Amino acid sequence: MALYTHHLPKWKKDEVDEIKRGIGEHSLVGVVDMYGIPASQVQHIRRNLRGTARVKMARNTLIEHALNEVGGSVVALREHAEGQSAMIFTNENPFKLFKLLEQTKTKMAAKPGEIAPEDIVVPKGPTSFKPGPIVGELQQVGIPAAIEGGKVKIRETKTVVKKGEVISKKIADALVKLDIKPMDVGLVLQAAYYKNTVFTPDLLVIDEEAYYRNIVLAAQQAFNLSVNAVIPTPLTIGAIIGKAVREARTVGVEASIYEKDIIDLIIGRAQREMLGVALAAEAHGFELDEATLK
Amino acid sequence: MEYIYAALLLHNAGKDVTEENVTAVLKAAGVAVEDARVKALVAALEDVNIDEAISKAAVAPAAAAPAAAAAAPAA
Amino acid sequence: MEYIYAALLLHNAGKDVTEENVTAVLKAAGVAVEDARVKALVAALEDVNIDEAISKAAVAPAAAAPAAAAAAPAA
Amino acid sequence: MEYIYAALLLHNAGKDVTEENVTAVLKAAGVAVEDARVKALVAALEDVNIDEAISKAAVAPAAAAPAAAAAAPAA
Amino acid sequence: MEYIYAALLLHNAGKDVTEENVTAVLKAAGVAVEDARVKALVAALEDVNIDEAISKAAVAPAAAAPAAAAAAPAA
Amino acid sequence: MEYIYAALLLHNAGKDVTEENVTAVLKAAGVAVEDARVKALVAALEDVNIDEAISKAAVAPAAAAPAAAAAAPAA
Amino acid sequence: MEYIYAALLLHNAGKDVTEENVTAVLKAAGVAVEDARVKALVAALEDVNIDEAISKAAVAPAAAAPAAAAAAPAA
């Protein structure tokens with residue numbers, strides 16, 4: 001394969017060399033899909049990634065050339081370079097890169113034939129349209145449009161395309177008119193090569209909620225352990241004292257130890273017991289006096 | 001309530017809740033004893049499991065106290 | 001609990017909760033009275049407003065009731 | 001509460017809650033010990049399972065919630 | 001909990017919770033005192049208002065119970 | 001709480017919570033280790049079932065009270 | 001949960017939760033460190049407010065405990 005490179009025109013050779021340099025200078029090399037991203041947005045994404053990651057667009061054949069020439073396990077990225085690919089270089093860790101790329105995605109209008117990434121919902125409420133043929137066009141694709149107060153209004157919230165379904169031309173047109181942008185457009189990471197391992201997106205999705213829950217759980221466990229095992233720390237000493245005091249008070253009440261601090265609790269307990277017996281006695285025919293009933 | 005307390009006192013001390021005993025306790029406390037009430041109490045408690053009534057009061061105070069139960073939904 | 005019952009019986013009967021009175025009531029109930037516990041009880045009650053403590057006891061279960069109720073389905 | 005704390009300290013340390021032991025602990029803490037209170041304490045604890053009483057104070061999680069609520073006024 | 005009870009006993013008796021005092025109380029109770037635990041306890045108590053912690057303890061169980069109950073169905 | 005987390009980490013990793021291990025973990029975290037606290041930690045955990053102790057809910061510190069109370073009706 | 005404990009240990013010690021630090025702590029605990037898990041942890045925690053999560057745990061331990069218990073086997 002390497003031999004074949006000799007016959008590449010100079011501009012192609014330069015491209016391959018640039019990719020090779022990128023691979024050599026960064027700890028992480030990724031392949032991203034750039035399908036359907038308008039040029040203006042590519043500029044925007046590049047700006048957002050500046051200082052963190054570099055995007056190098058190139059033909060798939062040249063990417064393959066470069067990977068082959070570098071050789072080793074990075075060659076495995078080859079099979080992910082399909083469609084409109086680009087290389088991405090960074091020294092961040094693959095999980096961070098994935099998050100970063102997710103954050104650069106923006107909402108765009110749907111083109112006919114695209115697949116809905118999630119349920120596409122038209123919310124109810126007024127539109128900016130004056131009455132006209134628009135009402136019929138919307139109704140035709142199942143959007144409950146009506147005229148109210150001289151304006152076109154959507155009568156109720158409606159799901160027009162389910163997740164995974166193809167978006168038809170008529171619906172795409174209607175969505176554009178309603179300014180609904182259902183498509184997530186941005187760099188889609190196909191695979192990332194990092195320290196001899198190829199990470200695919202399914203490995204890189206992070207459930208931050210789960211981490212948060214685990215942090216809360218760990219903090220609770222630490223709190224519980226500290227209090228239950230009586231390991232005083234500034235954070236838990238109050239709870240430990242509380243536990244000891246409650247135990248002492250409970251023992252005092254249970255054993256009827258007549259001490260000032262808990263005598264009111266003992267009185268309360270006696271009072272409740274008396275009421276319990278009084279009600280039982282009443283149920284069996286003993287008439288309670290007014291004071292008891294109160 | 002004095003009558004009930006007298007009964008509880010006797011029960012807790014392991015004594016029988018009889019008319020004589022209740023009357024003796026109440027008198028010792030300086031209460032002017034009504035014989036009829038003592039009779040009624042002793043008769044009523046004959047069919048009551050006092051320990052159960054006490055433990056119910058301790059475990060589920062809400063159930064034991066009508067006033068408390070009524071207040072609960074508002075709390 | 002006999003000692004506290006004796007004290008509450010006296011209080012309800014409008015009598016002072018003194019060592020003598022408590023002892024008398026307990027003896028009438030056939031209890032072998034321990035002077036130390038009587039002393040401790042009377043001392044503990046010295047500055048306590050018994051009526052207040054009783055009325056608090058009636059309120060407390062109500063506050064606890066919603067918790068018990070809420071927990072019930074899970075229990 | 002010093003007397004109760006002394007008793008629990010002894011119990012937790014695996015020692016018997018006797019008048020001598022309680023007195024020794026209280027003295028070490030600089031408390032002017034009242035013999036009657038010590039006697040009353042020891043007498044009161046004689047028939048009580050302290051571990052059981054303590055466990056009533058421990059509010060266990062969800063399942064124990066009703067008990068916790070019930071125990072609240074007593075705590 | 002011995003160490004905590006010793007601290008509470010001292011605090012209630014109006015004494016400072018120092019390493020010396022805690023050690024003396026524990027020793028009087030026949031506890032084989034571990035210096036490290038005494039140090040850790042005294043250090044942890046340094047910035048704590050014990051009175052506040054105690055008074056909150058009396059209120060806490062009632063407050064904690066509803067939380068436990070409320071959480072139960074979600075668990 | 002660093003010491004507690006170190007113990008939990010070791011326990012979860014299936015390692016013994018010894019003074020050496022705790023010290024090693026804390027040092028790796030850049031903590032200036034206090035021997036007394038390590039000793040106290042290890043001593044306190046000696047007879048403790050850690051799995052049980054971490055899952056048994058400790059009662060909310062007082063700060064929780066208003067929050068718990070506020071949350072209860074909404075739950 | 002070892003990775004989470006390591007992160008909390010570092011956070012509590014006032015250190016940054018970096019790959020190097022987490023790895024060092026885990027290794028000191030004798031854990032066979034998985035690079036990818038460390039990276040995922042560090043990336044995930046970048047946007048997690050650890051202090052808030054901790055204070056949430058401290059404010060309602062009683063409430064969260066049942067959930068904790070339920071979640072424990074899965075962790």
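Naming convention: chains lettered A, B, ... in sequence-line order (proteins, then strands); numbering from 1 in each chain. Given the structure is predicted, the values throughout are model-derived calculations rather than measurements.
Residue with the most contacts toward chain G among F:Ala24, F:Ala13, F:Ala6: F:Ala13 (heavy-atom pairs, distance under 4.5 Å). Of the listed residues G:Val31, G:Leu8, G:Leu10, the one with more heavy-atom pairs under 4.5 angstrom with chain F than any other is G:Leu8.
Listed here is the closest heavy atom pair of G:Tyr3 and G:Glu34: OH-N, 3.0 Å. Across all non-hydrogen atoms, the minimal contact from G:Asn21 to G:Asp16 is ND2-O, 2.8 Å.
Of the atoms belonging to F:Leu26, it is side-chain heavy atoms, and not backbone ones, that fall under 4.5 Å from chain G.
Judged purely by distance below 3.5 Å, without hydrogens or angles, the side chains of G:Asp51 and G:His11 pair a donor atom with an acceptor atom.
For the side-chain contact (heavy atoms from CB on, under 4.5 Å) with F:Val17, the lone residue among F:Val48, F:Val25, F:Val22 that qualifies is F:Val22.
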